[in-house]
Amino acid sequence: MVDPTPAPTFRELIAPLRVAHMQMPLRRILVISAGIHVGLFALFAGLGVWELAAYNVLSVAVFVLAAGLLRRGRFEWAALIGFAEVLIHQALAVHFIGWDAGFQYYVLAIAPLELMLGVRSRTVQVGEIAVAVALFLTLAAVYRGAAPVHALDPGLLWALELGNVVIAFALPNTFAFLMRRALESAEAGLEEARLRSEALLHRVLPPSIIGRLRAGGGSLAEAVDDASILFADLVGFTPFAERTPPREVLAVLDSIFAAFDDLTSARGLEKIKTLGDSYMVASGAPSPRADHAVALVDLALAMLEELKLHAPRVPGGLRMRIGVHSGAMVAGVIGRSKFAYDLWGDTVNTAARMESHGEPGRIQVSETTAKLIAGAMVLEDRGVVEIKGKGPMRTFWVVGRA
């Protein structure tokens, strides 16, 4: 059954990470703004402008509320509350102490911050900028040249205007600096996530399949003319697993297969999968190699040697049956989800039969594989063996390296 849920867009995928990194500069702006308003409370209280002093107490409470919303993930509301507070504050400041104090410049300074955040729609962003510009023009039309409610000393007005112009200029620049740092942090996080995903992908699929998967075209399965397959199965592990706690069983199996992984990787071979206490490796697929049979049998010998190091951990010891066969097969990925590289065909089935019809502690190979490794390995003719599903087949034991 096809999942009707549409796949998320890239923008939707990175939205949580983006918002998380946008919180940092906005949180700092809220802290800075709360500090400024505490200072303004002291200033207006000292000047006797109690209306603005009282409003600054309310402003600090508003910024605390916005910080709380931000902590709960209500990013848009936190930004909107901060934006509205600035506009109302500056309008009141111009009304009570006049145009010459310079508080109106914060109205223009706050306008581009919404664009820098970029989490709301363009319509909302443009609307907020339009509101800020309209408020500035309205204040200019109404209060420029008009007598304020509270007349201040001209020298103090000049100092206030100078300070407000500098802070209004510094505010968006500070926010832009914080935004850049947040962006760099977000990019670093995305790159780290990409590298982790890349490493995981290479653990699951061969590089050639990954390339085709990224290209998004063509089949992810292909015919392989000549390769070798190894199946290995632990003998004596099932009784151990039945009477041993699962965590201990997993620890033993993991240490054995991790060692096999290292041996496989060192020889440039392709681990296909594990199934219970069975292990499957390919040589010559997906990357062709002339010595595929020799390399795979060499791995089989190394696996038997490695197993001796782990056998004492299991009461009664551990041994392994290994079977190898060579020939043509189909290799790749099929299906549309939970991709896994695998192999199919008669060659694969025959390799599995070489293992299941073998003996513990020995490596059985087909006559086809024996011809490919002759001269590189010491072989012992087992003779003709009745193989389930295949009939009589001549097989060989691998005794060691030549």
Side-chain angles (χ1 to χ4, degrees), residues 26-70 76-117 124-176:
L26 184 56
R27 186 181 298 114
R28 292 181 179 178
I29 286 293
L30 291 174
V31 171
I32 292 171
S33 298
I36 291 174
H37 284 72
V38 170
L40 289 174
F41 165 77
L43 172 65
F44 292 131
L47 294 175
V49 185
W50 295 106
E51 299 92 339
L52 290 180
Y55 181 80
N56 276 278
V57 172
L58 177 62
S59 296
V60 173
V62 167
F63 286 122
V64 170
L65 171 62
L69 291 171
L70 186 63
E76 294 86 350
W77 280 105
L80 182 61
I81 288 174
F83 177 79
E85 191 285 330
V86 171
L87 298 189
I88 296 171
H89 189 181
Q90 310 326 309
L92 291 174
V94 172
H95 173 74
F96 284 110
I97 60 176
W99 178 269
D100 292 341
F103 281 93
Q104 66 276 0
Y105 297 118
Y106 291 107
V107 175
L108 295 180
I110 200 69
L113 300 189
E114 176 62 34
L115 283 176
M116 295 183 196
L117 289 173
V124 174
Q125 293 173 0
V126 172
E128 290 187 353
I129 292 174
V131 168
V133 172
L135 177 60
F136 181 86
L137 294 176
T138 301
L139 292 175
V142 174
Y143 292 102
R144 191 172 186 181
V149 175
H150 297 276
L152 302 181
D153 179 78
L156 179 59
L157 280 176
W158 178 85
L160 279 175
E161 181 180 27
L162 181 62
N164 285 331
V165 168
V166 170
I167 295 175
F169 173 78
L171 184 63
N173 285 279
T174 300
F175 195 78

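Atom CH2 of W77 and atom CG of L65 lie 11.0 Å apart (nearest 0.5 Å). In this structure, L152 CG and D100 CG are separated by 10.0 Å, a value rounded to the nearest 0.5 Å. The CD1 atom of I97 lies 10.5 Å from the CG atom of L92; values are rounded to the nearest 0.5 Å. The OG atom of S33 lies 6.5 Å from the CD1 atom of I110; values are rounded to the nearest 0.5 Å.
Ring-plane geometry between H37 and H89 is classed as tilted, the angle between the planes lying from 30 to 60 degrees on a 0 to 90 degree scale.
Side chains of L40 and L52 form no contact here, defined as non-hydrogen atoms less than 4.5 Å apart. Residues Y106 and I167 form a side-chain contact, since some pair of their non-hydrogen atoms from C-beta on lies under 4.5 Å apart. Taking the side chain as every heavy atom from C-beta outward, N56 and F44 approach each other to under 4.5 Å. The closest side-chain heavy-atom distance from V107 to V86 is not below 4.5 Å.
Checked options V133, V126, V131; the residue passing with I129 is V133 (criterion: side chain to side chain contact (heavy atoms under 4.5 Å, CB included)).
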For side chain to side chain contact (heavy atoms under 4.5 Å, CB included), just list the numbers for Y55 and L58, CA-CA rounded to whole Å, side-chain angles, deciding distance to a tenth of an Å, and then say yes or no.
CA-CA 5 Å; Y55 181 80; L58 177 62; 4.2 Å; yes

Output, in order, the C-alpha distance, side-chain angles, deciding distance and verdict of side chain to side chain contact (heavy atoms under 4.5 Å, CB included) for L156 and L47.
CA-CA 10 Å; L156 179 59; L47 294 175; 3.3 Å; yes

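At distances below 3.5 Å, at least one donor-acceptor pair connects side-chain atoms of Q104 with backbone N or O atoms of W99. For the pair N164 (side chain) and A101 (backbone), a donor-acceptor distance under 3.5 Å is present.
In terms of heavy atoms, E85 sits closest to F63 at OE1-CZ, 3.2 Å.
Between the side chains of E51 and H95, no donor-acceptor pair is found at a separation under 3.5 Å.
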